[in-house]
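Contents: one structure, followed by commentary.
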Amino acid sequence: MIDPVTRVEGHGRVTVQLDEAGNVDQARFHVVEFRGFERFIQGHPYWEAPLLVQRLCGICPVSHHLAAAKAVDQIYGVDPRDLHPTATMIRRLLHYAQLFQSHALHFFYLASPDLLFGMEAPVEKRSVGAVAMEHGDLARKGIQMRQFGQELIKALAGKKIHGITAVPGGIHKTFYPEERDYFLSDNVTPSVDTMIQWSQEVVTFIKDYHDKNFMWLDSFASYPSGHLGLVGTDGALELYDGRMRAIDSRGEVTLNDVDNDSYLKYFGEGVEKWSYMKFPFLRHLGRQHGWNRVGPLARLNVCDSISTPLANAELREFKAYTNGRPNNHTMHSHWARLIEILHCAEQIRNLLNEPRLLEEVERPPVSRRPEGIGIIEAPRGTLIHHYKADEKGSITKCNLIVSTTHNNEPMNRAVRWVAKNVLDQQKAITDGMLNQVEVAIRAYDPCLSCATHAMGQMPLKLTVFDADGAVVAEHVKHPV
Amino acid sequence: MRILIGIGNSGRNDDGLGWVFLDRIKQEAGFSADIEYRYQLQVEDAELISRAKHVIFVDSYHGVLPGGFKFEPCKVAPDSVFTSHVLPPGAILHLCRELYGKKPGADLMLIQGSSWELHSGLSPEAEIRLGRALEFFRKKLPF
Ligand code: NI
């Protein structure tokens, strides 16, 4: 079968450098080889962007589609507030479906082996296959939640893969009553009510799990950081269209609900010789202090509330655990992700019951603009698409900041934590120890194909070197 | 139900071989199987193939294949997978057995690619190998 390491050039790497005494000298998470999607898209008409960006990543095509659509709306001449309400509803529905299925995959298939079998479990246990064998009900439920999200995406986009939902200033197709009703009742896939119930069950699972395992969940790879995410005008969690808010590790506001089109004013992108992935930071705080986590943990930290009742009650409990202060426990990302699953399921039900969801959409009259910026909260965090187009409508410039890039510095901190606390001064580096590096990275659910804009699958390599540069231990993982 | 699953990305030259194979074969007289396009396989594909009598995974191959392509039975891979976003076909077969108790017939059709750049369309070499793979598969029709 295809060797994923060689199929597409480039990969993520974790390198740990030991000194003569076996202490960790340096630990880094980085990405080698970079292929420019930004160049690829130049010269294409702007309205093709929402389609072309789906090729950027096989894991997150829907997120890129929506971020690009929001950006090209503006080039077309429409601001988010002027989009037809039905178009906004359809796009939101698509977005919640994507978040729901992406988070479900992460919990049931990527994170659950670590949680169910423990970090020191032998390698054959830490697999999807092992979960299937020992926790079949859980694994099947995970698949059904995935299918619910995927079916909804397919219904909205026409196809599960390279379909179209959004077009500049509107949507591609009207949603029909029979399509909607499918998700309100039990069919091959259970109804949205069942999805809400199952989401509640997994939130309960993670809270029980936390009660029993808080020692390691609260300490493992924890470190203070800034947090960034979108919020609504009322300060509530906002995933599709909101203003950017950031706070520091103590909860002081560092970015006060700013508009999307000002991102260039506030964000810089740092470069390091050893990594192709950039390091975004808040300019006024500088490269050293201005970096932020993004994703579920960050989003729950920056928001004041959640608009849906069940998820909001869970948010209250989540925030109470840290007495209302920012939660810097990396492993609580899993808890936060499941609260978001519940919110998405509630939102999907709300939208499916909206009478206006089924209206036909007319695109508003417009006048073209030279530039557009689209920002959404993708499953992994804040995703920024920025395009410029000439008077003929050809794209002249494209800049993307993806969630995994925002999390570059945070993931490096997490790797350093494991290096210092687990790998340091060990006589031998075991498989279980190396896995802990991945557990720390996995909390962020990184998407390396997004991060490199490489349009390919990116494997992850872990290597520990001794003082002479010899390899002490190595792992090669299939693409993440 | 019989199903062909094409894996790849047509925005990356020959990585699109799996998809183009489906595009072509579906136009052949005598071809009536279901087809699915994937950037990569997903856990829920285990449920999908559990409803099939036979599944064929079609993918590009990075490396040399005598004759330019390879058609072979797909083996079950119980522990080949670590937790990542990508699942090989053997792992999907394993999940299908474990979760749904089904054992569909399964084959792999691998076609050698040579170019993996950020462009649409196949390289001329891949186009020739694709032709051979299609010619081979035509003998299996009706499918
Ligand atoms: Ni991605």
Side-chain angles (χ1 to χ4, degrees), chain A residues 1-4 6-9 35-37 39-40 52 54-59 61 101 105 108-114 123-133 136 139-140 142-144 146-147 150 159-162 438 442 447-449 454-457 459-460 475 477-480, chain B residues 6-16 19 36-48 50-51 57 59-63 70 72 74-92 94-101 108 110 113 116-120:
Chain A
M1 195 51 217
I2 294 147
D3 174 5
T6 53
R7 176 181 190 157
V8 174
E9 303 81 354
R35 297 274 172 151
F37 181 81
R39 256 179 305 136
F40 166 77
L52 291 171
Q54 300 193 64
R55 303 282 163 88
L56 195 61
C57 175
I59 299 157
Q101 59 94 4
L105 178 74
F108 286 99
Y109 283 90
L110 304 185
S112 69
D114 293 333
V123 70
E124 63 273 15
K125 274 272 188 184
R126 294 197 306 269
S127 74
V128 171
V131 175
M133 279 190 265
R140 276 186 293 270
I143 284 183
Q144 284 185 292
R146 287 275 300 169
Q147 284 174 321
Q150 295 281 24
K159 294 178 197 164
K160 199 162 97 178
I161 207 158
H162 48 116
E438 290 176 58
R442 197 148 46 231
C447 181
L448 293 183
S449 54
M455 298 173 78
Q457 302 158 1
L460 180 65
H475 259 194
K477 291 306 171 202
H478 288 280
V480 290
Chain B
I7 307 161
N9 185 345
S10 64
R12 233 185 192 280
N13 281 155
D14 299 348
D15 200 20
W19 290 7
E36 289 286 342
Y37 295 81
R38 293 285 184 275
Y39 287 107
Q40 54 213 31
L41 294 168
Q42 309 268 14
V43 286
E44 58 271 21
D45 290 325
E47 194 277 334
L48 173 75
S50 75
R51 291 181 268 134
F57 301 97
D59 202 346
S60 54
Y61 187 86
H62 194 295
K70 176 161 82 173
E72 62 181 21
C74 177
K75 291 193 199 85
V76 179
D79 53 5
S80 69
V81 192
F82 187 72
T83 53
S84 82
H85 285 128
V86 175
L87 292 165
I92 294 290
H94 174 67
L95 282 179
C96 177
R97 284 186 186 195
E98 287 300 324
L99 296 177
Y100 303 101
L108 290 171
L110 302 174
W116 315 90
E117 300 301 313
L118 281 184
H119 297 291
S120 300

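A note on names: the letters A, B, ... follow the listed sequences, proteins ahead of strands, and every chain is numbered from 1.
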Worksheet item: So, Arg140(A) side chain and Leu99(B) main chain: donor-acceptor pair closer than 3.5 Å or not?
Response: yes
Are the side chains of Gln42(B) and Tyr109(A) in contact, using a 4.5 Å heavy-atom criterion? no
So CG of Asp15(B) and CZ of Arg55(A): to nearest 0.5 Å the spacing works out to 11.0 Å
Does a side-chain heavy-atom distance below 4.5 Å link Ile59(A) with Gln40(B)?
yes
